[in-house]
Amino acid sequence: MRLQAPKGTRDFYPDDCAWRSYLLDAWRRVSVRNGFEQVDGPIFETLDLYKVKSGEGIVSELFHFTDRGERELAIRPEFTPTLARMVAEKASSLPRPIKWFCTPNLCRAERPQRGRLREFWQWNIDILGLEPPLADAECIFTAIDLLAELGLTPEQVRVRISHRATVKHILSRIGVSDDKMLDAFNLLDRRDKVPPDEFTKGAAALGLDEPTVARFDQTCRRRYDANDLAHLRRSIGMEDDSDTDELGALNEQLKAFGVADWCEYDLGIVRGLAYYTGTVFEVHEVSGAERAMAGGGRYDQLIELFGGPSMPAVGLGMGDVVLTNVLIDKKLIPSQYAPRPDAFVLAASEGAVAQLPGVVASLRRSGLHVRMSYKATRNVGKLLKDASGCKARYAIILSDDTDAAQLKCLDTGEQRDVAITQLAKEMKQ
RNA sequence: GUGACCGUAGCUCAGUUGGUUAGAGCACCUGGUUGUGGUCCAGGGGGUCGGGGGUUCGAAUCCCCUCGGUCACCCCA
């Protein structure tokens, strides 16, 4: 019988784990410095929790099961319902605004493909209890802070921003009635995936004629520079600022945060489900070779939906899979992302073997990352090869002299005698 | 869940129109050059050719099923 990892899952060998830690550390570091506090919840929830937000249709997309007490449960496919539940439960006692982050692993029962697996890690940041546009801008700023932290530039990745209200105004103006607004959003979202005639047919069902649809389609395909909102206003025939107020206010905040260069407006960004209420955005690699690196937006009604008070909210999620693909594409994988040993201790003579454990123990107790040779050979050349092989900063060569050792810097090749009691002190300098 | 392509050592692959004990490089392990590092030399472990069934005297090679991978659709919370 052959046992293999389930479809769409990954094994994390030491190198893979080191890489994952590199990402998780970056996510945490950036979150913390932007004022977010870490939270987490259970890895499985009651199935109903996910139905509240997404309806019955969600069930086929997630891993669910029944426990021995006949309870219907599901492995978390996203963190937002858990977050909404947690916030709703303690809403009255939590200091505002609530700024939380987490880095959960999530599971979705989808067919794996590039950038999409059945188990993945996702960075979530959410700001609740704070009104737009400041919260939206800070959320986007934090995402950009992370991208920059990993070495990405505005020439390589962009935040594409849209606003439900703006798109709704446009749709309304060209003749879409309120009750067909959701259908219009869906059609907009799918415009690149359906055949042209089907698109026209769908538009006709919304009461739109062909020239109007064409003009609208064209408008939504263009991207507008974040520093030139007026251009967008002219293009959509809305010289009157009131219809793009929200976007204009967000634009001012993004400029104030100094990240306008990373942002552009793209009214074609719809973001699936109907629960987004205002700003929506995605982070994309510019060439379009990869799928969206992150997605998010404002969801002002969700906490209420989960039994809490009315509370404004904005958040985003960024998965490890696409992010890693992009960093590989852009050659931004650092040469060293695993913890580097401070020292590698080796015995160059039979007489030195007995000293090994004591020296290693002493250095480790002083807080240093120390490895040693387990080999029987006393061939210093071979042992040094192992030392450099594990990327150690220093090699410590023990000989028959029980008072001193040779401390060799493996980066420079420089070597000198150091008293064994002084080794830790010397290396920390 | 639907469709298309793919599947030989840990990794990258070779394997002649189906023909005898399935190979290379890298990686890994051991030893040597009688104490200074990503060399060099020698040796070694590791594959029931994804798995199962069929055709054939004979299958890594042809056919079917299944599992997994890749890509598109669905979906993207």
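By convention in this document, chain letters (A, B, ...) are assigned in the order of the sequence lines, proteins followed by strands, and residues within each chain are numbered from 1.
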> What nucleic acid atoms does G317(A) come within less than 4.0 Å of, heavy atoms only: base, sugar-phosphate, or nothing?
Replying inline: nothing
> About how many Å separate CG of D25(A) and CD of E149(A), when rounded to the nearest 0.5 Å?
Replying inline: 10.5 Å
> If every non-hydrogen atom of A343(A) is compared with every non-hydrogen atom of I396(A), which pair is closest and at what distance?
Replying inline: CB-CD1, 3.9 Å
>> Measuring only the C1' atom in each nucleotide, how far is rG51(B) from rU33(B)? A whole number of Å is fine.
In response: 48 Å
>> By the 4.0 Å heavy-atom rule, please label C390(A) as base, sugar-phosphate, or nothing.
In response: nothing
> Do other residues, nucleotides or ligands put more than 12 heavy atoms under 6.0 Å from the CZ atom of F44(A)?
Replying inline: no
>> In whole Å, I'd like the distance from the CD atom of E110(A) to the P atom of rU2(B).
In response: 15 Å
> Do we get R20(A) above W121(A)'s six-membered ring, with its NZ or CZ under 6.0 Å from the centre and within 45° of the axis?
Replying inline: yes
> In whole Å, what is the span from the CZ atom of F344(A) to the C1' atom of rG38(B)?
Replying inline: 14 Å
> With respect to the side chain of R111(A), which nucleotide from rC73(B), rC75(B), rG37(B) is positioned closest?
Replying inline: rC73(B)
> Taking atom P in both rC29(B) and rC74(B), what distance in whole Å separates the two?
Replying inline: 49 Å
>> Please give the distance between the P atoms of rC49(B) and rG54(B) as a whole number of Å.
In response: 16 Å
Return the polar atom pairs (N/O with N/O) between nucleotides 65-68 of chain B and the protein under 3.5 Å, or none.
{"from": "rC67(B)", "atom 1": "O2'", "to": "Q4(A)", "atom 2": "OE1", "distance (Å)": "2.6"}

> Which residue lies toward the 5' end of RNA chain B, D400(A) or E78(A), if each is placed at its nearest nucleotide?
Replying inline: D400(A)
>> Under a 4.0 Å threshold between the charged nitrogen and the carboxylate oxygen, would R164(A) count as salt-bridged to E246(A)?
In response: no
> Quick check: does any side chain N or O of R160(A) sit under 3.5 Å from a backbone N or O of E264(A), one acting as donor and the other as acceptor?
Replying inline: no
>> Without decimals, in angstroms, what is the distance between I396(A) CD1 and rG35(B) P?
In response: 22 Å
> For D16(A) and rG10(B), what is the distance between atoms CG and P respectively, to the nearest whole Å?
Replying inline: 15 Å
For nucleotides 40-45 of chain B, which of its nitrogen or oxygen atoms have a protein nitrogen or oxygen under 3.5 Å away, and what is each distance?
none

>> Students often get this wrong, so: under 4.0 angstrom with heavy atoms, is L383(A) touching a base, only sugar-phosphate, or nothing?
In response: nothing
>> Under 4.0 Å, heavy atoms only, any strand: does K375(A) hit a base, just the sugar-phosphate, or nothing?
In response: sugar-phosphate
>> If I take atom CD1 from residue I269(A) and atom OH from residue Y276(A), how far apart are they, to the nearest 0.5 angstrom?
In response: 11.5 Å
> Nearest-Å distance, CD (E61(A)) to C1' (rC73(B))?
Replying inline: 13 Å
>> Nearest whole Å is fine: how far is rU36(B) C1' from D386(A) CG?
In response: 13 Å
> Partners of Y22(A) by ring pair (Phe, Tyr, Trp, His ring centres under 6.0 Å), sequence neighbours excluded?
Replying inline: W19(A)
> Between rG32(B) atom P and R378(A) atom CZ, what is the distance in whole Å?
Replying inline: 12 Å
>> Base of rU34(B), side chain of N379(A) - is there a donor-acceptor contact under 3.5 Å?
In response: no
> RNA chain B: R108(A) or C409(A), which has the more 5' nearest nucleotide?
Replying inline: C409(A)
> Name the stems that RNA chain B belongs to, where each is three or more consecutive Watson-Crick or G-U pairs with both distances under 3.5 Å?
Replying inline: B:1-7 with B:67-73, B:10-13 with B:23-26, B:28-32 with B:40-44, B:50-54 with B:62-66
>> Which nucleotide wins on minimum distance to the side chain of Q415(A), given the candidates rG35(B), rU36(B), rC73(B)?
In response: rU36(B)
> Can a salt bridge be assigned to the pair E426(A) and R416(A) using a cut-off of 4.0 Å between side-chain N and carboxylate O?
Replying inline: yes
>> Could you check whether any side-chain N or O of R96(A) sits under 3.5 Å from a backbone N or O of L128(A), counting only pairs where one atom can act as donor and the other as acceptor?
In response: no
>> Pair E285(A), R291(A) - check salt bridge (Lys or Arg N to Asp or Glu O under 4.0 Å), show working.
In response: CA-CA 8 Å; E285(A) 185 272 326; R291(A) 60 180 68 236; over 6 Å; no
>> N34(A): which residues meet the side chain to side chain contact (heavy atoms under 4.5 Å, CB included) condition with it, sequence neighbours left out?
In response: V30(A), F36(A), F141(A), T142(A), D145(A)
> Closest approach of A348(A) and I397(A), non-hydrogen atoms and distance?
Replying inline: CB-CG2, 3.8 Å
>> Please report the distance separating the C1' of rA9(B) from the corresponding atom of rG15(B), rounded so that it comes out in whole Å.
In response: 14 Å
> rG25(B) and rA59(B): how far apart are their P atoms, nearest whole angstrom?
Replying inline: 29 Å
>> With rounding to the closest Å, how many angstrom separate the P atoms on rC65(B) and rU12(B)?
In response: 28 Å
>> When the P atoms of rC26(B) and rG19(B) are compared, how many Å lie between them, rounded to an integer?
In response: 29 Å
> Rounding to a whole Å, what distance do you find between I397(A):CD1 and rG37(B):P?
Replying inline: 10 Å
> Say you pick atom P in rG50(B) and the same atom in rU16(B); how far apart are they, in whole Å?
Replying inline: 15 Å
> Is any N or O donor-acceptor pair between the side chain of R116(A) and the base of rC71(B) shorter than 3.5 Å?
Replying inline: no
> Is a donor on one side and an acceptor on the other found under 3.5 Å between the side chain of H284(A) and the backbone of V286(A)?
Replying inline: no
> Which nucleotide, rG35(B), rG3(B), rC74(B), lies nearest any side-chain atom of Q113(A)?
Replying inline: rC74(B)
> When all nucleic acid strands are considered with a 4.0 Å heavy-atom cut-off, which category describes G389(A): base, sugar-phosphate, or nothing?
Replying inline: nothing
>> Taking the minimum atom-to-atom distance to the side chain of A348(A), which one of rG35(B), rU36(B), rC73(B) wins?
In response: rG35(B)
>> Quick check for you: among rG38(B), rC76(B), rU36(B), whose closest atom lies nearest to any side-chain atom of R291(A)?
In response: rC76(B)
> Of all heavy-atom pairs between T377(A) and L383(A), which one has the smallest distance, and what is that distance?
Replying inline: O-CD1, 3.7 Å
> Checking T277(A) side chain against R298(A) main chain: does a donor-acceptor pair fall under 3.5 Å?
Replying inline: yes
> Counting only non-hydrogen atoms, which of residues 296-309 of chain A are less than 4.0 Å from RNA chain B?
Replying inline: none
> Does a salt bridge link R10(A) with D16(A), judged by any charged N lying under 4.0 Å from a carboxylate O?
Replying inline: no
